Amino acid sequence: MLEGTVAFVTGGGSGIGRGIALCLAAHGAAVVVSDLDAEMSRAAADEVKASGGRGFAVVGDVGQWEQADDVLAQGVRLAGGPVDILVNCAGLYFSVPFHQLSREAHERLYAVNVSGVFAMCQAAVPAMKARRCGKIVNIASVSGKDPFASSASYGSSKSAVIGMTKSLAKELGPYNINVNAVCPGLVYTKMQDDQCRRIAAETGRQPEDVWRQRLAAVPLGRGQEPSDIGEAVAFLASERARNVTGQALNVCGGQQMMD
Ligand SMILES: NC(=O)c1ccc[n+]([C@@H]2O[C@H](COP(=O)([O-])OP(=O)(O)OC[C@H]3O[C@@H](n4cnc5c(N)ncnc54)[C@H](O)[C@@H]3O)[C@@H](O)[C@H]2O)c1
């Protein structure tokens, strides 16, 4: 579906981002894996290569607005062509009662989850506009539509990503740039592992029991794999979705059914 394209995936070194990178590569894209963690970024790019694809690693902190142009330009140089597909996946999650979250933690979360998406779009869009084509896929969350308790910062950051997605879709549609979001529900990554371990420690249970209880709210009764999110991203990044824009697609086993 993506033969001949260049994709740039933030937070691509592990978890969902790594799954997306591998999936886009399997569909034929050359993939620039961007991550805060140099080792993970390189390892994920190596995995892309080992699976027969073209993978490149760059290191960048999407929470540092001023890095965006440079990190994207590094990716373009390595891949040897402009970015056709931008996937904003890097994200932070804190689950604590809102009055216990420090100002520093809240501002860092917004810098990564919201401003990071904005800055990367600003970096990528001029070349997309000039070529009159491009696909942007932002990884939001079901909690961007119906936030959980004790995650006011995270939930509202993901609502902002969904709002940004819709606004950009309207603004960039005339340039043939599609902008969509994917909203995962429960994917067992380090982010979820940390959360289950914390709840388990607080409630005297095992992390596996916490995870099982969370899955009870999912009609399909199972969590999603990073590749499930990757397949949705691949579709939205492909010409098969040429008339899909401004949408926030839930990939959550039916855990949430609102638009
Ligand atoms: N795991 C889930 O169940 C779930 C559910 C809904 C939404 N999401 C969203 O999916 C995305 C990925 O989540 P995950 O579970 O894979 O998380 P994760 O913590 O397992 O992996 C996140 C990756 O992003 C990188 N990263 C973090 N901060 C960064 C920064 N400032 N700059 C560049 N890279 C950075 C990390 O190094 C890591 O490789 C996030 O946006 C998250 O909010 C996850």
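Keep in mind that this is a model prediction, so the values were computed, not measured. We count residues from 1, following the sequence as given.
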Original post:
Would a 4.5 Å heavy-atom cut-off, applied to side chains only, mark Val125 and Ile136 as touching?
Top reply: yes
Original post:
Of all heavy-atom pairs between Thr245 and Ala169, which one has the smallest distance, and what is that distance?
Top reply: OG1-CB, 3.5 Å
**OP:** Quick one: closest heavy-atom pair of Ile177 and Cys133, and the distance?
**Re:** CG1-C, 4.2 Å
Original post:
Heavy atoms, side chains only, cut-off 4.5 Å: are Ser238 and His27 in contact?
Top reply: no
Original post:
With a 4.5 Å heavy-atom cut-off, do Gln74 and Asp70 have their side chains touching?
Top reply: yes
Original post:
Can you get from Val62 to Leu78 by hopping between Ile, Leu, Val, Met, Phe, Trp and Tyr side chains that sit under 4.5 Å apart?
Top reply: yes
Subject >> Heavy-atom side-chain contact between Thr10 and Met120 under 4.5 Å >> reply: yes
**OP:** Measure from the side-chain N and O atoms of Asn250 to the backbone N and O of Val142, and report whether any donor-acceptor pair falls under 3.5 Å.
**Re:** no
Original post:
Hey, what's the ring geometry for Trp65 with Phe118, parallel, tilted or perpendicular (30° and 60° as the breaks)?
Top reply: tilted
**OP:** With salt bridge (Lys or Arg N to Asp or Glu O under 4.0 Å) as the test, would you mind laying out the steps for Glu208 and Arg212 before giving the verdict?
**Re:** CA-CA 6 Å; Glu208 309 82 69; Arg212 259 195 299 277; 5.7 Å; no
Original post:
What is the distance from atom CZ of Arg205 to atom CH2 of Trp211, rounded to the nearest 0.5 Å?
Top reply: 13.5 Å
Original post:
Do Asn178 side-chain atoms and Val244 backbone N/O form a donor-acceptor pair below 3.5 Å?
Top reply: yes
Original post:
Could you state the interatomic distance from CZ (Arg18) to CD (Glu47), rounded to the nearest 0.5 Å?
Top reply: 4.0 Å
Subject >> From CA spacing to verdict: side-chain contact (heavy atoms from CB on, under 4.5 Å), Glu231, Val251 >> reply: CA-CA 10 Å; Glu231 289 296 346; Val251 180; over 6 Å; no
**OP:** State plainly whether one hydrophobic cluster holds both Val137 and Leu168, where clusters connect Ile, Leu, Val, Met, Phe, Trp and Tyr through side-chain heavy atoms under 4.5 angstrom apart.
**Re:** no
Subject >> Any donor-acceptor pair under 3.5 Å from Ser41 side chain to Val58 backbone >> reply: yes
Subject >> Test log, rule side-chain contact (heavy atoms from CB on, under 4.5 Å), inputs Thr165 and Val161 >> reply: CA-CA 6 Å; Thr165 299; Val161 169; 4.2 Å; yes
**OP:** Work out which heavy atom in Asn113 is nearest to a heavy atom in Val117; give both atom names and the distance.
**Re:** O-CG2, 3.3 Å
Original post:
Heavy-atom distance under 4.5 Å between the side chains of Leu249 and Asn180, does that happen here?
Top reply: no
**OP:** Check the hydrophobic clustering (I, L, V, M, F, W, Y; side-chain heavy atoms under 4.5 Å; chains of links allowed) and say if Met128 and Leu172 are grouped together.
**Re:** yes
**OP:** Give, for atom CZ of Arg108 and atom OG of Ser115, the distance between the pair rounded to the nearest 0.5 Å.
**Re:** 11.0 Å
Original post:
Between the main-chain N or O of Asp193 and the side-chain N or O of Gln195, is there a donor-acceptor pair closer than 3.5 Å?
Top reply: no
Original post:
Within a strict 4.5 Å, meaning less than it, do heavy atoms of the Leu86 and Cys121 side chains meet?
Top reply: yes
Subject >> Any side-chain heavy-atom pair of Val182 and Ile139 under 4.5 Å >> reply: yes
Subject >> Close side-chain approach of Phe94 and Ser153, heavy atoms under 4.5 Å >> reply: no
**OP:** Kindly give the heavy-atom pair with the smallest separation between Val9 and Ala21, and that separation in Å.
**Re:** CG2-CA, 4.4 Å
Original post:
Minimum heavy-atom separation for Cys23 to Ser227, with atom names?
Top reply: SG-O, 4.2 Å
**OP:** Inspect the surroundings of CZ in Phe148 and state if more than 12 heavy atoms from other residues, nucleotides or ligands are less than 6.0 Å away.
**Re:** yes
Original post:
Under 3.5 Å, is there a donor-acceptor pair between the side chain of Asp61 and the main chain of Leu36?
Top reply: no
Original post:
Between the side chains of Thr5 and Asp84, is a donor N or O closer than 3.5 angstrom to an acceptor N or O?
Top reply: no
Subject >> Any donor-acceptor pair under 3.5 Å from Lys145 side chain to Ala248 backbone >> reply: yes
Subject >> Rounded distance (nearest 0.5 Å) linking atom CG of Asn88 with atom CG of Asn138 >> reply: 5.0 Å
**OP:** Measure the spacing between OG of Ser141 and OH of Tyr154 and express it to the nearest 0.5 Å.
**Re:** 4.0 Å
**OP:** In sequence, state the C-alpha distance, the side-chain angles, and the governing distance for Val87 and Leu24, and then conclude on side-chain contact (heavy atoms from CB on, under 4.5 Å).
**Re:** CA-CA 10 Å; Val87 183; Leu24 297 184; 4.0 Å; yes
Subject >> Val187-Tyr93 co-clustered via ILVMFWY side chain contacts under 4.5 Å >> reply: no
Subject >> Pro184, Cys252, Cys89 screened by side-chain contact (heavy atoms from CB on, under 4.5 Å) with Ile229, the one that passes >> reply: Pro184
Original post:
Would you find more than 12 non-hydrogen atoms of other residues, nucleotides or ligands less than 6.0 Å from Lys170 atom NZ?
Top reply: no
Original post:
Val210 and Met191: same hydrophobic cluster, using ILVMFWY side-chain contacts below 4.5 Å?
Top reply: no
Original post:
Quick check: does any side chain N or O of Arg222 sit under 3.5 Å from a backbone N or O of Gly253, one acting as donor and the other as acceptor?
Top reply: no
Original post:
Roughly how far, to the nearest 0.5 Å, is CG of Asp194 from OG1 of Thr189?
Top reply: 8.0 Å
Subject >> side-chain contact (heavy atoms from CB on, under 4.5 Å) between Val83 and Val32, worked out >> reply: CA-CA 9 Å; Val83 171; Val32 180; 5.8 Å; no
**OP:** Check for a donor-acceptor pair, side chain of Arg54 on one end and backbone N or O of Ala25 on the other, with a separation under 3.5 Å.
**Re:** no
Original post:
Are any side-chain N or O atoms of Arg131 and backbone N or O atoms of Pro82, one a donor and one an acceptor, separated by less than 3.5 Å?
Top reply: no
Original post:
Nearest heavy-atom pair of Ser34 and Val71: which atoms, and what distance?
Top reply: OG-CG1, 3.7 Å
Subject >> Expected output: side-chain Thr203 to main-chain Ile199 donor-acceptor under 3.5 Å >> reply: yes
